[in-house]
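Computed from a predicted structure; not experimentally measured.
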Amino acid sequence: MKKFNRIWMWMAIAAASFSFTSCDDDDYWYDDYYWYDDYNHGGWGWNQGDWNNGSNGSQDDDLLLEAQTLTGDWRGSVMLSELAEDGQSRNNYSFIAEMTFYQAGDKVNSLSGNGVEVDYADDGSYESQTLKFTWYIDKNGDIYIRYNSGATYVMDAGAKQYGFHLGQEDGKIVDTFYGYMIGTGAAKGDVMQIDLERYDPSGARKKTRSAATDSVAPSFGKATGRAFMPHAIKKLPRR
């Protein structure tokens, strides 16, 4: 009987130990952006062939309109969440960015091109940095952006929760561009949230296409609302 009781006692201790270890592991590995790993499989990375094909021009009216909507000057807030050096915890930053997209060869039928991003610290330090990038839109309407550092991000046109919105937004008199930029390859684990509005660097407020053409202005992506990154500090991360 004593032997039987000892067996049950050790089984209970083992079960309790397992339970506590599992909870600790779950907390330790918890990640608000765990889903980013889905975008590092199945061909979500940069495809130079798609960039080359896009630069040759396209006859797809919807994709062309998306590229033409993307082209131009954007400004607003950006939040970056990156994996810390331990590979598990996260560092979250917020800053201001201006992004300018050009179509390859200045061709209006191009689905790819290059661009310039200027980031500004939002902490009163007046720090800034200038980043160059290339971009393309694939056949699904997904937007790929690769910085000269090699860091590549994808914006998923088909996702509602982790996707993007580009173009006309109800209640806005300028086009907006917001959503997730999800790191792939060398940038795996990094996630950016952008919230940008079209602007004119000359200082003139730029009209939306609806105001300029008397037609329904286009919009792309399926994101239904903005998300906000928790615990972001106002600091300009060097990228």
CD1 of Ile182 to OH of Tyr144, rounded to nearest 0.5 Å, is 10.0 Å

Report, one line per pair, each donor and acceptor closer than 3.5 Å where one atom sits in a side chain of residues 57-65; sequence neighbours left out.
from  : atom 1 : to    : atom 2 : distance (Å)
Ser58 : OG     : Asp60 : N      : 3.0
Asp60 : OD1    : Asp62 : N      : 3.1
Asp60 : OD1    : Leu63 : N      : 3.1

Separation between CD1 (Ile145) and OG1 (Thr134), nearest 0.5 Å, reads 9.5 Å

In this structure, CD of Glu197 is separated from CD1 of Ile173 (nearest 0.5 Å) by 8.5 Å

Given the options Asp200, Thr100, Leu196, Asp73 meets side chain to side chain contact (heavy atoms under 4.5 Å, CB included) only with Thr100

When rounded to the nearest 0.5 Å, the distance separating CE of Met155 from CG of Leu70 is 8.5 Å

Problem - Greater than 12 external heavy atoms within 6.0 Å of Gln48's CD - result: yes

Salt bridge (charged side-chain N to carboxylate O under 4.0 Å, His left out) pairs touching residues 93-107, sequence neighbours excluded, are Arg75-Glu98

- Message: Would you say Tyr147 ends up clustered with Tyr102 if hydrophobic residues are merged whenever their side chains have heavy atoms under 4.5 Å apart, either directly or through other cluster members?
- Response: no

ask   = What about Met99 and Tyr120, same hydrophobic cluster or not, with Ile/Leu/Val/Met/Phe/Trp/Tyr joined at side-chain heavy-atom distances under 4.5 Å?
value = no

Review point. Can you tell me if Ser94 uses its side chain to pair, donor with acceptor, with the backbone of Met79 under 3.5 Å?
Key: no

Rounded to the nearest 0.5 Å, the CZ atom of Arg239 sits from the CZ atom of Phe95 at a distance of 4.5 Å

Please test Val78 against Met192 for side-chain contact (heavy atoms from CB on, under 4.5 Å), starting from the C-alpha separation and ending with a verdict.
-> CA-CA 7 Å; Val78 176; Met192 286 197 286; 4.1 Å; yes

Do Ile96 and Val116 belong together in a cluster built from hydrophobic side chains that touch within less than 4.5 Å? yes

Correct closest heavy-atom pair for Ala151 and Ala187 would be CB-CB, 3.9 Å

* **Heavy-atom side-chain contact between Gln68 and Gln103 under 4.5 Å** => yes

- Message: Can you confirm whether Ile194 sits close enough to Phe177 that some side-chain heavy atom of one is under 4.5 Å from a side-chain heavy atom of the other?
- Response: yes

dist Ile233:CD1 -> Asn91:CG (nearest 0.5 Å) comes out at 7.5 Å

Notebook entry, point to check: Side chains of Val191 and Tyr180: closer than 4.5 Å at any heavy-atom pair?
Noted result: yes

Between Asp123 and Lys235 the two heavy atoms that sit nearest each other are OD2-CA, 4.2 Å

Would you please indicate yes or no on a ring centroid separation below 6.0 angstrom for Phe133 and Phe101?
yes

Discussion item. Could you tell me if the side chain of Thr69 sits less than 4.5 Å from the side chain of Asp175, heavy atoms only?
Written reply: yes

Under 4.5 Å between any side-chain heavy atoms of Asp190 and Tyr153, yes or no? yes

Salt bridge (Lys or Arg N to Asp or Glu O under 4.0 Å) filter on Glu66, not counting sequence neighbours, yields none

Of all heavy-atom pairs linking Ser219 and Gln168, the shortest is CB-O, 3.6 Å

Taking Ser112's backbone N and O only, do any of them form a donor-acceptor pair with Trp135's side chain (distance below 3.5 Å, no angle check)? no

Looking only at heavy atoms, the pair that brings Thr176 and Trp74 closest together is C-CZ3, 3.7 Å

Check: Stepwise, does the side-chain contact (heavy atoms from CB on, under 4.5 Å) test hold for Val118 with Gln129?
Finding: CA-CA 6 Å; Val118 183; Gln129 63 184 352; over 6 Å; no

Closer than 3.5 angstrom, by distance alone: can the side chain of Asp50 be matched with the main-chain N or O of Trp46 as a donor-acceptor pair?
no

ask   = When you measure from the side chain of Tyr136 to the backbone N and O of Asn47, does any donor-acceptor pair fall under 3.5 Å?
value = yes

Go through the steps to decide whether Arg238 and Glu127 satisfy the test side-chain contact (heavy atoms from CB on, under 4.5 Å), and finish with yes or no. CA-CA 10 Å; Arg238 294 298 170 180; Glu127 288 185 83; 2.9 Å; yes

Scanning both residues in full, the closest heavy-atom pair of Gly158 with Lys222 reads O-CD, 3.7 Å

Side chains of Glu169 and Tyr178: do they bring a donor and an acceptor to under 3.5 Å? no

Smallest heavy-atom separation, Ser81 atom then Asn92 atom, equals OG-OD1, 2.7 Å

